[in-house]
Every structure is written in structure tokens, then in C-alpha cells.
J.: 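Quick one: structure below, then a few questions.
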Amino acid sequence: MFKRVLVANRGEIAVRIIRACREMGIESVAVFSDVDRKALHVRKADYAYHIGPATASESYLNVDKILDVARRSQAEAIHPGYGFLSENARFARACADAGVKFIGPSPESMEMMGSKTRARQNMKRAGVPFVPGSEHGLDIDAAERLAEQIGYPVMLKAAAGGGGKGMRMVASPADLHSAYENARSEAQRSFGDNEVYLEKFIVNPRHVEMQIFGDQHGNVVYLGERECSVQRRHQKVMEESPSPIVDEDMRRRMGEIAVRVAKAANYYNAGTIEFLVDEQRNFYFLEMNTRLQVEHPVTEFVTGLDLVHLQMHVASGEKLPFKQEDIKLRGHAIECRIYAEDPDNNYFPSPGQITRLISPSGPGIRRDSGMYEGWTVPIEYDPLLAKLVGYGEDREQAINRLLRALYEYFVGGIKTNTSLFRRILKDPDFRAGNLDTGFLDRLLAKPSNETDVRRPIMAAVGAAIFATMEAKATLPGVTGALPMNGNSASPPPISNWRRTARAEALRQR
Amino acid sequence: MFKRVLVANRGEIAVRIIRACREMGIESVAVFSDVDRKALHVRKADYAYHIGPATASESYLNVDKILDVARRSQAEAIHPGYGFLSENARFARACADAGVKFIGPSPESMEMMGSKTRARQNMKRAGVPFVPGSEHGLDIDAAERLAEQIGYPVMLKAAAGGGGKGMRMVASPADLHSAYENARSEAQRSFGDNEVYLEKFIVNPRHVEMQIFGDQHGNVVYLGERECSVQRRHQKVMEESPSPIVDEDMRRRMGEIAVRVAKAANYYNAGTIEFLVDEQRNFYFLEMNTRLQVEHPVTEFVTGLDLVHLQMHVASGEKLPFKQEDIKLRGHAIECRIYAEDPDNNYFPSPGQITRLISPSGPGIRRDSGMYEGWTVPIEYDPLLAKLVGYGEDREQAINRLLRALYEYFVGGIKTNTSLFRRILKDPDFRAGNLDTGFLDRLLAKPSNETDVRRPIMAAVGAAIFATMEAKATLPGVTGALPMNGNSASPPPISNWRRTARAEALRQR
Amino acid sequence: MTYDVVVDGKTHQVELARGDKTWLCKIDGQEMEVDAVLTARDVLSVLVEGKAYEIKRERSLQGELHMVIGSARYAVEVQDPRSLRTRRAVAGSEAGPQKVKAPMPGKIVRILVNEQDEVKAGQSLIVMEAMKMQNEMKSPKDGRVQKILTAEGSTVNAGDTLAIVE
Amino acid sequence: MTYDVVVDGKTHQVELARGDKTWLCKIDGQEMEVDAVLTARDVLSVLVEGKAYEIKRERSLQGELHMVIGSARYAVEVQDPRSLRTRRAVAGSEAGPQKVKAPMPGKIVRILVNEQDEVKAGQSLIVMEAMKMQNEMKSPKDGRVQKILTAEGSTVNAGDTLAIVE
């Protein structure tokens, strides 16, 4: 096993990997940009190196700087987390050249899966089901012919794409020309590659993905699916395992196909095969993510495994310690992605200082977090602060535990989307498992109608009592005024200007 | 299901039950004594009632006051937690008389199990294995005869006893007389009952217990064992499930006997059968605890069940939702009992204000806690602050995760026994599973030999830097002095006398 | 002490008087006895006739005040009688020039209009980026862009005025 | 600035000077560059040549200072040159009258000796109860009970002197 591992990431995933290192007796090396000196992953690591300014391209995305730290810190391996360099085959190759183990698949597997059309060609040969459509980039004439053949609605997609960019739904032949041009130019702008392909548009699809794991000895297993249909603007917000519509038979079929995909790519380490599922529960290969997913904790809960530990073992050359038949799923897990964004104001990002943080714990609750009280959330990086994961004997208990944990969760100073999860978890369609990728947009279009007559009144009373306490705190010399049992735990905070004023008053005496 | 449940307890277990209530849509009613107005269970409940002074007999142990709150709050049921009134048959009966459901077994089952000799007689009839010895109280002559017959060493025990009180090991006939008299008088003092019985003394025994669960329709299942051999002064400090020495066959035999014990007592709800296990892995019935155990979370981790939810369901008359063959154990869980006591000073209790609290989270970690930053731990109640539970695919991973979590755990202001767990978890005998009830005393008798040359130096450097910051904070008007990147998260705290001094300075101007 | 407390836009009058160990409180004319203790910083434990509320206070750096009770979060404004007039004056005005303020700290990516341009309510004026997300600042009303107070590429703080529409 | 810092009984001399973005530190003659930032209250993040330490400060109400690094906890005393003399004076003295102090707040359950009694080192003098546990306060040395400063049934705070053995 490695003695020292560099974690080329930040935020909650860096913390999660550093924790795994400590659990395995591996020393962890963190890297940080100018604005991350005080980040939690730096606090938790055994080593930490500064790698440059806030801009990711000059720090977390900079291959040379990362490899330089690997050399200086004598790290034997690099865990890329997700995002940043995690799916960058050039980086994986540079690691190999520098004699540092990249904790993930081979550069060849990553390259094969990196281009959607190439992946598609390989997968078709492996007998993987696809949404009917083209296998490669099309010119406009070919696109027109194919659309006629498979029938509208159809979808145009960027070959190099991801995250919803360069995608256009086309409802009828009249719209095809302009949509094609738009998709091409967006693809060019976003990915520097204007190749566009076309496929059948699936109505009310679900997004279900299958976790696979391979070792370097040709063994690949599947670890159950995740339902990821709850999305806002094509971004996942909540994920769960198992999926409410996947039964044992469907899981086995989907899992076996996922393993076939991985084997066709000579894949090892953690990977995820994304599928689109239609209303008849047919599923179609979408893409493969060649890294650890944000939502891996739900799989860890239902399998009882630790995927990051497993990544380390497999990367160091060990065989998978189990076979497919040893994997037993139990219970149900759901993850909420806690973002720094304001649900009451169009989900605008909300960076800033976290002035108060009260975190839930207790049975069935796991919290992977990159924040702490007093920390300032920087404006430069993505707004994922923490993941709150609930486990239960069944889906209902998992939902109810999450509602309980969200009731306890309090992030003060900045806005977070915790109220969104409360809405989702109480929604009858969600509770019935009636999900598709349009679910959340439909829910958010409805007015929120939570009303409570009592609590607004208590909010007013509370505010008045706080104000009274405050008034006292500003009046020096007022004593014994508050009717509080015992001594107050912490006196009301004194604002900075007030402290300065006092300091000046003292100085002038 | 109940609409409202009174939680007749305090501390972490009250919080744990209140959480279960919230998860189940049940309103919770807390009770609190004078010194618990600010306790966490009061903060988390839906209702809270004051029940009297700190002394438990006038508050948490006072049947009339608890039932009065039940009436006033219209609670339909009472969860007693552990300790306090949880094994008090008279209370269970008073609840029934008052028309409030007692969440636990029937008073009759509790009474039968409450007297060790009566329990023993009943269990013998049910074919339960016992340590060879007397079935009931003995006079000194009978004790002498029996000791000769089964062979020394023997053990004298109080019939009404528990917690190690009224127990005497007797190595040879010469010591029997004085030991008998001592045990009798201690039993009289401790339990108001001087009945003493005698049994074979087991050398290097393990303490292993079996969790059972019954409904009111005659169904009883076992939910796996817990190893509780890590004890200090006969008090459990750490528990785990499964036990390192219990294999499937032994578990089945032990479980079936435990179920037989429960059925012989017409037992329902959660219960625990304690066994003594000798070096040949023979096991002997010790006693039954007729309540939820402190250490129930390790069973929850390995079974995936929520025992408190289950208690509610069963108490409301529902059938167990599973059969024995549905119970599948997976992985390994270990619990650390975090006590307010000073490991460097003879484990003296350490109540007081918690000035700083940094709590671990992340994969495989569960924390059930009754404390929070700013709270003052009262001197009146037992020193259990929180339970830290680690889960892993196997025992080694659970151990390593706990070590990682303990590395993150920081309780400032009072002393806690966290360093003790680090010692235990790193001990080769513990890691090998070589446990018996004398394990911890032997470990503590050895000198702790953790040395690190680097960290004491960093402690000195850190202390000096803190001192510099502090020196600045006391000098009003000094600006921009600290070489800190960005703004300091929270300025160094200003002590109370200093704040007062400033306030006075302001007033006098 | 008497306060006017605005909760999510609705004004409540709260009178507080100190009782023996509790507060005597009158809210919108209704009396109640309130047992309130500060447990941790910004966390009040409140009991009213047995009902328990944990009330958390949150003050954002922009000065907004919220009370959080369980999962519910209320925007709150406390006006004590003296400062009542001034606060009200700031709050009111819907007509006249309106400021377009940055809702978060971030970078100005693009400015889509020029000073003096006629704009419609809801029309995008400025694109800001923060946390890898681009967000459009929209015109609060039909009118004319009186002033643009920022430039492409500049960094702004939450609450900074970016433009004025009259 | 120069401090004498006693860590678990061993004294280190620490010199601190401000560098550009870091501290220049000399400890027991050995120089190092220390990048230290306060992250949260009482939590310092320290980097020395790439090695990272999270150092937490704990001050008990009785005034003891500890530094916690990971799971290790160090009793620390900081003496700046001015107050050095006084602190030392308090610390030293093993001979002469010794105080038996309450290690925790609690109740005095039983007093086992009388004033003027001869006692042995380790002999139990007083039984205290806190958190449902009884604990025996023992004599620090062979000697004579000079004074008993508490009574059965009384409540004491941590650090209170219960008796003096001379």
C-alpha cells in the first residue's frame, strides 16, 4: 500500500479522501490555492502545499504544479477526486511518466470514454443498448434523414459534451436547421469541438447510473445503481440507491451490461455507467464517468463498502477482495447536495462567511463536509459545501431521517439550499418514487405552500427577545437583567465596530 | 402509531429518542430538572416540561411528576430510555394505571427478570445454561458446601445486585467467611436486600450479550450479539458487534437460547440477555436487561435496523415486520462511550463548561451526543456525554475509522476519556480480538509509551503564536500586525474581565 | 420594551416585560408567558405553555436578519419605536429610480445595455459570475438605464449597486 | 518576541519574528519558517516545510492551558520574560505544606481524617462525589493534617483547597 498520497482537489471530496488516507495509515498531501489556505482539507491533511492563485487553471488544474508537489512531497500516488483533473487523460499519462500512480483508470480507458462517439462505437460492438440515433458526428443532411427515420422528437448533442451544454431538443422538422446550427456553435464555444450527433428524444426519462469497480487483473463487479433523476438545470441535486424503479432482475441486467462496458474499455478502478431509462423501463447507455462520483456515499451505505479505500487497494495493484455474488445490498440511502445558493432568490450563488454552523448527526446520518464555522466560502469554486446522506431500512425511513437531519441543520451567514430538500422530501410524487429528469423543474414551478400560523409569531417573539439581549449588551454597566437560568453560554457577539469603538475609548483615556 | 410520546430521560439517549420521534412524525415531550433547562434534549423536543430540582429522586426518578407531565401534555406513551425509571416495574404499572403506554416490556416480565434468583429459576426450567452454582440465596453453611462441590474459585453475588456491587471472588475456603459477610452487608447497603448467592468463578471471562426483540403477539427474534468485555471497574467502556469470538454456529445457539429466555418471561419489546463466556467458548446466562441498552447503536449498524423505531411500532401493538431469517448481519461496528472524566487523573469526573467542540463526521461514523459547545456539563448526573460509533466492512476498518474520528474529535474546557480509546484501539491484543473483562485493567496498568519528538515542539510553537495573538488582542489600537492570509475567521476571544474593564472604561468617560 | 417586528412582510407588535423567571409577552394583543434562555450563541430555547421552540438567529453580512425555527426560516426586521420612522422610509418606495444590486459577491462578466437605453421589466442588464455559475441581473421595471456603476471584469460585493433604472 | 514554553514539564525557548507572510521561529536554537493562520476560534493551521499541523488551544476554567495536535494533548505553560519569575515561584515547591485541591466540582461526601492527624502519602483524606461517582482525595505526602477547609455535605468547585497537609 502507498505510504503517501497527494489529493489533487479541494472541498468536501478532498476531506473525504484525506479521511480515507488516515484510516488506512497513508499520509495525505493537500494542495491549496491562495483563497484556500484556511480550507478544511488543509486543516485535516498531514502535508499541505501552496500551488498558486485562486484561478483553477493556475492551481488545481495545473498539471505541472501538481506534479511538482508530488515530487517535493515524495507522494507515491495521486487521487484526483472528481472534477478538476479527474477525467483528464493527459494528466493520468503525465503521472505515469513522472512515476506517480494515478488513482483511477488507465489513460487509454479514459480517452476511449472521453469522446462520446468513440465510446459509442466501442460499446455498440460490446452489445450495449443505445438510444436509437447516429453513432458519430453528422452533417445537416444526414441529421435530417436520420431524424425522419427514427421519428421526432429528437435530440442534438455535442460529441465532446457534458453537463447539458451543446444539447438541443427538436420537436419537428421545421426546427431542425436552426437547432443544429445553435448546437454546433455552442459545442464549439464550450468544448472547442463542433461535432454534433443526433438521437431519439426520450420522453420523461429517468437518469439511472450503475457503479462498477474493476481491478488490474481483469475482474469487474457492479455495486448497484443510483437514481439521479432529481436535477435542476441538468445538474444533479439529490441521488439515491437503490432506484425506486429498479428491481433485482433489472439490476442484474443493467449491472451485467455495465460490466461489459467496463471490460470493453479494459477499465479498472471506480467507474460509473450512466443510463437513460424510459417509461417502459427500457434503459439505454448514456456515458461513462471515469472517476469517483459525487454521489458515491449512497452506494457505500447500501453495499457497506468504502469505495475510496477500495480505490487505493486496486490502484496499488491488489485484486478486488470480493466477487459479484458477495455484494449484498441492504436498505436505502439518499444524498442531498448542500449548495451555497439562495433558493428564495433564483438559486443565486451565496458565497461568504459562515457565521454559525450547527450540524446534524445521530442514527443513519452521514455528513461529508468541506465547511466549518468561521470559514469564508470563496467565490471562485463550485458551490457544493457538503453532502448530507440519510440511510434507512427502507426508502421511507431514509426520507424521514433526512427530514429530521435537515430540521437540525443550520448554516448561518450564507444562504444554502436546505429548504429545497425539505420541499422535495415532502412531495407526494417524490415519496411515491415517481421521478424523471423533469421532476424538480415541475416542482419548483409550483408555489410553495407551507404555512404555519404559530411559528411566524414565535419568530417575532424570538427576534424581540434577541433585540432586548442585544440592547443590554450595548449598554455597559447594566447588570443582572436577563431572566436566564444559570450563566449564559456565550454572551451575544459584539460587533467589530463596537469593539473598535471601545478600544479607541480606552486608548483615549 | 402514537401522536405524542414523553421521553422520561435526559442526555444523549433522550436526544436519540426525540430524533426517532421526529423521524416517525411523533411529537416528543421532554422533561427537565433545574440544571437541565439548557440541555440538548430540551432544545430538540417539541414540548418540554420542568419537573423539579437536580436530584434525580425529585425529578427524573419521580413517578408522580413524570405521570403528571404525561397527563398535562396528553402524551399517549412514555419512553424511559435506559437508567432512571427504565427497569422499574412499579413505574410501568403506574403508566398502565394512568392509561399511558409504557414503551418496554410488561411489568410482569420486568419483575420476573428483576430478581436474579427468580430469573434463574425460571430460566433453568427453560433449559438455559448457567454457571454452576446456587439458584437462590444461601446461608453460610450452604455456601460452604456448594463451594466445595463445584470447586474454588467461586463468586458471591447479591441477588438484587448489578454494576459489580455486592460481588466477591473467593479463591480458597479460608476466605469464604469474611467475603460472605462483606458481600451481604454491601448488598444490604446498596440494594436494601442482603440475599447472596454463590457460583463458579470463570477465569478470564468475556461478557457477551444477545439483543432480542419481541412483539405483543408472541414473536421473538434475536439481532446478533455484542462483545462488552472492555470494562473499567465493571463498567462498560466500549462495545462491538459482532463479537470477535462468536461464529455463525455459536451465534445461532446463543440467539436461540436468548429467544427461549425471552419467551419464558412472555417478553416483548427490546431486551438483552447477558452471557458470560469462558475460555472454551462455553456461555452461561448472566442476566436480562429489560430495556434498550446504551450500546444498541452497534447492533443497529450491523443489522441495518432502527431499534427505537421498532420499539415504538411494537409498543403500539404492531407485529414485528420481519422474521428471524430476514435478519442479515453485515460489517462490524464499535462504540466508544465518551465520558466527562480525566484519564490523566485517575478518571476523576470532569463536569464544567464545554468551551470548544469540534465533532467528527464522514463515512462510517455515527455520533449520538447530548452535548454542545457552550453547554455546562452538570455535576449531578452520570458522565456519559456522547457515543462515537464506527462502522466498517470488517473489524479492522471499523477500528481505523474510529481512530480517524477520534483524531478529529476535540472537546475543550473539560476533560474526556477520548485518549483512552486511542490507546485501546492501538493495542495489539485488542486488535487481535483477545479480550476478557480484565483486559482494560491490565492495559491501564501498563505505562503509556506514545512518544513523538516533533509534536511537543509544535505544541510549544503553537502556544507561542497563540500568546502573540493574545498579546495583540490586549493592546487596543495595534493594527495589521498578524501575518495571516485574509481576515481572521474569529478574533481571539476576549475574556470576560477584559470586556468588563472596557465597559467600565466607557462608562467612566 | 415594545418592538414592531416585521416577519415575512407582516408587522407584529411585541411587548416584553420581565416576569419572575420568564418573560411576559404580548403579541398583537395576545398575552403569553415565555421562558427563554440563550443556550449557545444565537440559539434561543423558548418554552411557551410546554411547547418548545429552538429559535436560531442569523445575521448576514449585508445586515439581513432571519429567525430559523426548525426547517422554517423567516426574514425579520426589528424596529424599536425610536428608529421606526427612518427604517420605514428606506423600505417603502416602489416608484422612481430603482437600484440593481449585486445579490452576491462575484465578477461582472458582461454588461448587456448602455446608459440611457430603454429597458423592459425582466430584461437582462448585467451578467455576473460567482462559484462557476453565471447569473443575469434583470431590470426591476420598465424604464431607462440612468447609470451603470460597474465595468466588465470588475469584482463586486453583495449589495453593491450595479446600475440604476429610472 | 521570546517565550519560555513548558510542554509536559520540558521547557523550550521560542523566539518569534514576523517574516513576509510567515513567522520566523527559533526553537531551542533550531530555526524554522512557520506559516500559521487562525482558522476558527482556538484552531491554528500551521505549515512547516510542507508538514501540516492543526493545533487546537484549550484553556480550562481553572486556567490550565493545553495544546491538542491530532489525538495528542500537551499541558503547556507560556512564560513571557516579564512574568517568568512569578510563574516559576508558584510552580516549584515540593516540600512544606501541600494543598489538597478538588480536581472537579462536586459534593463532599465524607471526611476521613481530623485536623492534626498524622497521615501517610496516598492515604485517603476526603471522599467527594460528582457525576454519580465517589472519588477519594489522597494525601500528597507523609505528614500531618494542618487544616481541613471543607465540611461534609458542602459543594465545592474545581481547584478549591479542601485540606492542607504539612
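Quick caveat: nothing in here was measured; it's all calculated off a predicted structure. Within every chain, numbering begins at 1; the chains are lettered A, B, ... in the order of the sequence lines, protein sequences first and strands thereafter.
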J.: Chain D heavy atoms under 4.5 Å from Glu341(B): which part of the residue, side chain, backbone, both or neither?
T.: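 For Glu341(B), neither part sits under 4.5 Å from chain D.
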
J.: Determine whether Leu444(B) and Arg423(B) make a side-chain contact, defined as any pair of heavy atoms from C-beta on separated by less than 4.5 Å.
T.: yes

J.: Does any backbone or side-chain atom of Glu136(D) lie under 4.5 Å from a heavy atom of chain B? Answer side chain, backbone, both or neither.
T.: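 Just the backbone, heavy atoms under 4.5 Å.
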
J.: Which bit of Ala340(B) is near chain D, if near means a heavy-atom gap under 4.5 Å: side chain, backbone, both or neither?
T.: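 Contact with chain D: backbone and side chain both.
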
J.: For Asp382(B), which atoms come within 4.5 Å of any heavy atom of chain D: side chain, backbone, both, or neither?
T.: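 The answer is both parts of Asp382(B).
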
J.: Within the 4.5 Å heavy-atom criterion, are Leu403(B) and Asn400(B) side-chain neighbours or not?
T.: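 Yes, side chains in contact.
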
J.: Please state whether the side chain, the backbone, both or neither of Tyr381(B) comes within less than 4.5 Å of a heavy atom of chain D.
T.: backbone

J.: Heavy atoms, side chains only, cut-off 4.5 Å: are Ser359(B) and Arg367(B) in contact?
T.: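 A side-chain contact under 4.5 Å exists here.
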
J.: Side chain, backbone, both or neither: which part of Ser350(B) has a non-hydrogen atom closer than 4.5 Å to chain D?
T.: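 Looking at Ser350(B), just its backbone touches chain D.
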
J.: Quick check for you: among Val7(D), Asn135(D), Val5(D), which has the greatest number of heavy-atom pairs under 4.5 Å with chain B?
T.: Asn135(D)

J.: Using non-hydrogen atoms and a 4.5 Å limit, figure out which bit of Ile414(B) sits close to chain D: side chain, backbone, both or neither.
T.: backbone

J.: Side chain from CB out, backbone as N, CA, C, O: work out which of these in Leu16(D) comes under 4.5 Å of a heavy atom of chain B, or both, or neither.
T.: side chain

J.: Please flag which part of Asp8(D) lies under 4.5 Å from any non-hydrogen atom of chain B: side chain, backbone, both or neither.
T.: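 Neither part, no heavy atoms under 4.5 Å.
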
J.: Considering only heavy atoms and a distance below 4.5 Å, find which of Ala130(D), Ala75(D), Cys25(D), Ser71(D) pairs most often with chain B.
T.: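 Greatest number of close heavy-atom pairs with chain B: Ser71(D).
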
J.: Measure distances from Val411(B) to the heavy atoms of chain D and classify the residue's part below 4.5 Å as side chain, backbone, both or neither.
T.: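 For Val411(B), the contact with chain D is made by the backbone alone.
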
J.: Among Val76(D), Thr155(D), Ile55(D), which residue has the highest count of heavy-atom pairs closer than 4.5 Å to chain B?
T.: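 Most heavy-atom pairs under 4.5 Å with chain B: Ile55(D).
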
J.: Could you check if a side-chain atom of Pro349(B) sits within less than 4.5 angstrom of a side-chain atom of Met128(D), using non-hydrogen atoms only?
T.: no

J.: Flag the one option from Asn157(D), Val14(D), Val46(D), Asp28(D) with the top tally of heavy-atom pairs under 4.5 Å to chain B.
T.: Val14(D)

J.: Using heavy-atom distances under 4.5 Å, tell me whether Ile69(D) contacts chain B through its side chain, its backbone, both, or neither.
T.: both

J.: Side chain, backbone, both or neither: which part of Met32(D) has a non-hydrogen atom closer than 4.5 Å to chain B?
T.: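 Side chain only.
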
J.: Taking the side chain as everything from C-beta on, heavy atoms only, tell me whether Tyr347(B) gets closer than 4.5 Å to Arg233(B).
T.: no

J.: Side chain, backbone, both or neither: which part of Met131(D) has a heavy atom under 4.5 Å from chain B?
T.: both

J.: I'd like to know whether NZ of Lys51(D) has more than 12 heavy-atom contacts from other residues, nucleotides or ligands below 6.0 angstrom.
T.: yes

J.: Could you check whether any side-chain heavy atom of Lys38(B) comes within less than 4.5 Å of a side-chain heavy atom of Tyr372(B), counting everything from C-beta outward?
T.: yes

J.: Taking 4.0 angstrom as the limit, do Arg110(D) and Glu152(D) come out as a salt bridge?
T.: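 No, no charged N to carboxylate O under 4.0 Å.
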
J.: Please look at Val43(D) and chain B and tell me whether the side chain, the backbone, both or neither of the residue comes under 4.5 angstrom of a heavy atom of that chain.
T.: both

J.: Return the minimal non-hydrogen interatomic distance between Ala54(B) and Glu380(B), and the atom names on each side.
T.: CB-CG, 3.6 Å

J.: Taking Glu129(D), Lys56(D), Gln30(D), Glu15(D) one by one, which has the highest count of heavy-atom pairs under 4.5 Å against chain B?
T.: Lys56(D)

